[in-house]
Amino acid sequence: SQATFTIKAFLPNNEIRRFKLPDVKTFEQLTNAINNIFLNDEERKHEIVLKYRDERDDWVTFDTEDEFQDALEILRFEQTKSPIAALSVL
C-alpha cells in the first residue's frame, strides 16, 4: 500500500523544512528521493539521520530496510491519515 511521508528536515544551517514524499515503499526509495529532490551537493556530504514518531510519541532513528518497514507499520497504525517522519541532516 502507498505511504505518504511528511518529512521534517533539520538542515546544517539550522533551517527546518517540511515536505511530503508520496509512494515510498523502500528505505532506498526514501533516501534516494530525499537526496535527489531535497538536498544540495553540500548537504549530501553530511550524515542523514532519519527518525519517525512512534506510538509513545518518541522519535526513533532508522537506517536499515527492516527498521524502515517497522516504521511504516507503526506509522500506518498510529497515524493513517498523515504519518510523520523526520529527517535530520547532521
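Just so it is clear, the model here is predicted, and its values are computed rather than measured.
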Colleague: Any non-hydrogen side-chain atom of Phe62 less than 4.5 Å from a side-chain atom of Phe27?
Modeller: yes
Colleague: Under the rule for side chain to side chain contact (heavy atoms under 4.5 Å, CB included), what residues qualify as partners of Asp58, not counting sequence neighbours?
Modeller: Asp54, Arg56
Colleague: According to side chain to side chain contact (heavy atoms under 4.5 Å, CB included), who are the partners of Asp70, at least two apart in sequence or on a separate chain?
Modeller: none
Colleague: Within a strict 4.5 Å, meaning less than it, do heavy atoms of the Gln29 and Asn32 side chains meet?
Modeller: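 No, side chains not in contact.
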Colleague: Working to the nearest 0.5 angstrom, can you tell me the gap between Leu30 CG and Lys25 NZ?
Modeller: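 These two atoms lie 13.5 Å from each other.
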Colleague: Just by distance, with hydrogens left out, do Gln69 and Glu65 show a side-chain donor and acceptor under 3.5 Å apart?
Modeller: yes
Colleague: Given side-chain contact (heavy atoms from CB on, under 4.5 Å), test Thr64 with Phe68 step by step and report yes or no.
Modeller: CA-CA 6 Å; Thr64 67; Phe68 175 67; over 6 Å; no
